[in-house]
Every structure is written in C-alpha cells, then in structure tokens.
Amino acid sequence: MPSSDSEDFESADEGRSSPNKRERKKRLSSSNYSDNLESEQDNKKLEPVINKEASSIKENLPKDGWDDFDIEEESLPNNEPQKEETKASIVKPESSAAKKESQTSGWDDFDDWGNDNDNDIKEQPQKTKPQAQNIQEAPSSQQTSTKSDGWGWGWGVDSLLSTATAGISNLTTQVSQGISTVLETGIGAPDPEELARISAKNDTKPNSAEEKMISAETNHEQSNQSSATEGAFPFGSLLSGVTKFVETTGTKVIAGGLDTLETIGKKTMEVLQDGDPGLAKKRAMLGLDSGDKPVLSQVLREARAKADEEDQLREAKREAKAVHYETLFDDYEGLVHLEALEMLSKQVTIRIEERLRTDPDKRQDIKETLQQVAELCEMPDEEDEEEEEEVSEGASKGDALHERLQRATRDIGLKLQFQPLIKQYTEILTWLETDDPSITEKAVYKKAVSSLAQTTALCVELYHKTGEMLLVKSRRSTADEADALTQLTVVLTKHISDLATQFTEKLTSHATEDKDQVNNYITNVFLEAGNSSKYIENAFQLAIPIVQIGAV
Amino acid sequence: MAYAYLFKYIIIGDTGVGKSCLLLQFTDKRFQPVHDLTIGVEFGARMITIDGKQIKLQIWDTAGQEAFRSITRSYYRGAAGALLVYDITRRETFNHLTTWLEDARQHSNSNMVIMLIGNKSDLESRREVKKEEGEAFAREHGLVFMETSAKTAANVEEAFINTAKEIYEKIQEGVFDINNEANGIKIGPQHSTAGAGGAGGAGAGGAPPGGCC
C-alpha cells in the first residue's frame, strides 16, 4: 500500500486530535494509548507494564503494530461471542463519539458515499479502527508492514500466524499493548464512514478500492447481530487479504523469530553462566572436559574398526558378485540365447500340438514318431561315453575338442560354428599353462568360474543356432539330427567337466597355507561345472521339439 | 552389470537394410561394411542412462531373410521396443514396411514402441525414398521416425535412446506393467543376495530363464 494511504489515515487522525505524526506515534507507543480506556478492566492491570516497556516498543514499532492487531484478532477465532459483544458494546458509544468528533473536524465536505449504508456504518469502527491504528504506527519506511496492515482484514489467517509470533515474543508486553490498542481503537480512531469516504476519494489506488469494497462488505455484515458478524467476517477478509498477507507476514515472522531466537540464546547463556563462569562446572558435569579424551579416541577407534569391517563386507560382496556364475553367464549372453531358444522351442511345440489336433487320423503315427525321436535323444550312460574313440595323437587339446565336436555333428547336415568355443578353450589352456606364481588361488577360482560361465554361454548359443538352422533347413533327417545333438551334448558336458578338472588341478597345485579356502574353491568349481552341465542339458531338451517337428 | 531396468528391443526389416550395422554402431561404435548374413537372431547389449537410471538395452537383431521369417516372428514376443528399418536407397524395402508392421503388431504386445528408421542416410545421391515419405508413413501408423546412417553414426544413438525414453515414459505413466516380463521389461538386480555358490542356476526344463539375479 502506498504510504500516502497511511497519510490519509493519519490526516484523519489529525483532524481529530494529533497535529503531528511523530507525536502521534509517541502517543501510541506510550501508555497514553489507553487514556480513554479506564472502563476496561484489563487495562489498569497492564498499564504499568506498558509504561515500563514503552521505550523498547518504540524501537520496534512495526512489530507492535502487528502484535496489537493480532491479539485483538485472537478473540475472533476463539468464537467467544460474549467477550466480543462486550467489546462491541464498549466500542459502540465511543465510535459514535468519534464520528461526531470527526465530522466537526473537516470531514464534512466528503461526498455521500456509503449513504445507503448509513445505519450500518456506526457499528463499523470496531473493525476498522484497528487497521487505522496499525497504519499509523507503522513508519512509512516500513513498506511491508504498512502494506500488510492495510490488507490486514484477513482476520482468520492473520490470527493464526501472528499468534505464533506473539507466543514467541514477550507475552506480557504484547498482551497489554494489544488490549490497550483494541480498546483505544474503539475510541480514538476515525469513523469507518470517513475511512470509506477517504477510500472513495482515493479510488485511483487499488488498495483504497479494495478497502472500500471491504468496508462496504463490513458494513453490510455489521448490520447483522454481532454474533453473526464474528462468523461472517473472516470469510470476506480471507478473500482479499490472504495473498498479500502471506508474503508480508512471512518476512515478519522470520525477522521477529530470529530476533526472538537471539534473545533466547543470549538469555540461555546468561542463565547457564550464572555462577559458573566459563561453564566449567557444567562442562565437567557433561563429561566434555578432561575425562573425555580417552573416551573420544576410544569411540573413534571403534568407529574406524566398524567402518573397516563394513568395507571388508562390501568388498567381499563385490567379489562374490564378480565371481557370480549367473551374472557372468548373463554377461556372456548365455541367458538371452537360452531365452531365445526357449521361445523357438515353445513355438515349435505349439505347432506340433496343432498338427496333432488338426490331423486326427495320423495322430497315433505322429505320437509314435515323436516318441522315437525323444528316445533317440536320450543321453547315453556314463559307460558308453568311455567307448569314445581317442583323437589323433599329438593334436592339441583345442584341436581335439574341435575334432570331437565335428565328429559328433557329422551327420546333422549343417555347418556349425565351433570356432568361438575352440578359441575360448585355447585361451583358457594358455592361461592355465602360464606358471605365474603371482596368481593367487582366488584368481584361479575367479578364472574358473568365468571360464565355465563363458563356455556354457557359448554352448547354449550353439544349441540356439543349431535349432534356428534346423528350422530353416530344407531337408530334414530327424534321426541323424537327434543323434548328432545327443552326441554334441555328450561332448560338451565332457568338455565342461574337463575344464573343471583342469582348474581344480591348478588350484590343488597351488602351495598355500589356507587349505580350507582352496578346498572351498574346488568344491565351488565343481558345483558351477554341474551348473553348466545343467544349462547345456536344458538347452538340449529345448532343442528336441525342433528336431521332432522335422519328422511330423 | 547392475541396471535398474532391462528393455528388450527387436530390430526388424528387410535383409541388407543395415540392421546388424546399426546394432554394431550402437554397441561398439564402429562400422563394418561387409557383414555376415544374420542367422536367426543375434544379440547386442548396451547400458544407457535415462533420468539418472541405468538401463540395459538388450537388442535382438533379427535376420531379414525371408527364410528366417517364421523364426524371427517367435522372437517378437516380449519386446518393449522395435526398430523397423528400411533402406532409403532401395524402395522395395520401404514398400515392405506394411508387412513388417503387421507382423510386428500381430506378434508383439500392443504397447511396444516402434521406431521407423530410414537407414543409409549418408547415401544421399542414391536416395530412392524421400524423407517426407518416411515421415508420412510413420505419422499414418503412429510410429516415431528417424533417418540414420550406421556408417556415419548419424542419429544412431538417438534412435535407440529415444525409443528407450519413450518406453521409460510409458513405464512412468503406468502403461507398461514392469512386473510382466512379456512386456520386454525386466527390473534389474538391485541387491543381489545370492552368494558365490549359485547352485540353483539351471531351473527345470521350461522355466523362463529371465529375471536372473
């Protein structure tokens, strides 16, 4: 609100009694405030306090204005009609007096704005005056407070926030000030009718317009019984006052709050140091002095030990993850190949079932064929495995594997890609042969798990690719295919167990003090090898329908 | 590799349009002018970050050859995103888009995000399909459109990442049920509790291998 507005109110006051703004302020902040309020019971009680505090209040004028305002409002949300009514009754005669007074002090020349509300206006001072009062109290430099005061019709919200402020502040002062203000407003301030007129005059200013509106509204509401007014008032004010109010009050509360906190802090220190300079006793009592040194270092040591332990745990977890078979298998794309193979297998199974359903005549034949293929795909016993011909002498282990794989899949009628598997095996062999003493058993174990995971992933990929190629093959030879895949599975599972054996041999050859740990590693390697074999057999089973569909 | 989500992508389109090259450019940031014919499906994976979350894109690069059509169809299921690729220098690859799209729509879930890609944008002199035509087709069928070059890497990142962003948005909107793996989205292994053992690896025969830990 422009400061000119407060000037207007000021001048309204001037017309009545005070010729000078400063003087008016002084008067407001002193006990003179309540000059006319002898009738009010509380007033007398509180007067001495006010006198005592007068000087400090003067320094803090905007705040006073607020708190005065607040405390009056507090009674509103409380919904104490009785109190309110008494207040109103106190106020009423005064307001009419004020009106008369103001009419004789140069306000007569105003136009007849608000005439239609004539009856109501008389009752308005009760609400309007606090505002006028507040504005007068607020120095014009304090734009924010002035503004909020001007808008301070937001009784409901107002009181909430300001109650908090008041609570923090020196209650005695505030209450006394507040009450005296309330009472005085009933006496000294100009009549709302005049306020309204001033507003009308200054209708170029939005705030005045707003006020005018509110005044009108207020008048209207006030025409009802005072109890009704209490209920209705906050709503009208909420509408207009909330926005502006929030921003100004925010600043206010923070500023006031900080001041209060500072005061509390200072006071606390004073109390604490009272009879205990330097807080020596209290420190001793809290164990913050001499005695704390060993304790503190002890605490720090413990904390550090704990942190170290946690680090080790985390490291162990990370390590465990690094040699986590499933994760590695996924990273080597084993999982996704298995997933794709499974999708193919399901698709094919659906097709086979469809064929069984749509061709009832041949159903028995088809079933028999499927059964035959399934039998062909049964894994040979361990003993049969031993009969396997030995590969040519002198060939490297990698070549030997290649030879076995090719021999196994000789009749499948597809050109399968074994290179990745052979290449990987060769790399593993090279790694195993390097006799580097710096390689720890842990490193060997890690290499073993990762090699097994990678080999298994490549095997699964092999089944997947074989399955895909079988499905697009033009001429199927189911029996051969079934046989080839079965043999392939034998070779691959053998390959896995070979790998595991070689890694465990490497682990065993490692001279180490920690035999338990090595044994643990060896167990795990065989465990993962078993895991690998399961994946491979799983892939093989998924491939069987793909072989079967070639026969039906 | 820890990730918050895994998105399954599928790359489809006629043979020779550059599907495998797009994948290679995206995963390895390199271009290989002569590429083996893809058999069935090949895989690629890369981590990206969206909204501060690590997302693993698992890309299924399918064979474009007609012979593999029936096989690749079985891979459509469970894809969250699809890159439908044509070659801007060969009109017939553009003409086949409708068939590809029908296939994709029929065999995948309805929420799948499809990105239409006109590849080989570096071969401007041999262009047979105008960019506007691609845009029009995409508009008509509700696809996202982009012209890319696997050779120069132009728009390759964007194609994959924008698709991922769209999927991610759909997750945020609740369109995708991330707990249903048929949507092509898996929640990553946040806190793997499995120890070094991993004995429970291979499940029973038909158990879905997904959702690893």
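- For CG of D311(A), the number of neighbouring non-hydrogen atoms (other residues, nucleotides, ligands) closer than 6.0 Å is greater than 12.
- Of the atoms belonging to H337(A), heavy atoms from both backbone and side chain fall under 4.5 Å from chain B.
- What you find for F43(B) and E333(A) is that their closest heavy atoms are O-OE2, 3.3 Å.
- Across all their heavy atoms, Y75(B) and A340(A) have their closest contact at CE2-O, 3.4 Å.
- When the shell of 6.0 Å around CD of Q419(A) is examined, it contains more than 12 heavy atoms from other residues, nucleotides or ligands.
- Residues V41(B) and E468(A) come closest through the heavy atom pair N-OE2, 3.1 Å.
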As a quick check of understanding, evaluate side chain to side chain contact (heavy atoms under 4.5 Å, CB included) for W60(B) and V336(A), giving each step before the final call.
CA-CA 9 Å; W60(B) 296 43; V336(A) 73; 3.6 Å; yes
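- Neither the backbone nor the side chain of R73(B) comes within contact range of chain A; no heavy atom of the residue lies under 4.5 Å from a heavy atom of that chain.
- Note that CD1 of I71(B) and CD1 of I546(A) are 8.0 Å apart. Values are rounded to the nearest 0.5 Å.
- Comparing H464(A), E461(A), E537(A), M469(A) by how many heavy-atom pairs each has under 4.5 Å with chain B, the most go to H464(A).
- Surrounding NZ of K151(B) are at most 12 heavy atoms belonging to other residues, nucleotides or ligands under 6.0 Å away.
- More than 12 non-hydrogen atoms from other residues, nucleotides or ligands lie less than 6.0 angstrom from NZ of K515(A).
- Within 6.0 Å of NZ on K165(B) lie no more than 12 heavy atoms contributed by other residues, nucleotides or ligands.
- The residue among Q65(B), Q58(B), K8(B) with the most heavy atom pairs within less than 4.5 Å of chain A is Q58(B).
- Within a 6.0 Å sphere centred on NZ of K423(A), heavy atoms belonging to other residues, nucleotides or ligands number 12 at most.
- The two residues M343(A) and R77(B) make their nearest non-hydrogen contact at CE-O, 3.0 Å.
- Between K186(B) and E339(A) there is a salt bridge, since at least one side-chain N of the basic residue sits less than 4.0 Å from a carboxylate O of the acidic one.
- The minimum heavy-atom distance between L344(A) and S74(B), with the atom names listed, is CD2-OG, 3.5 Å.
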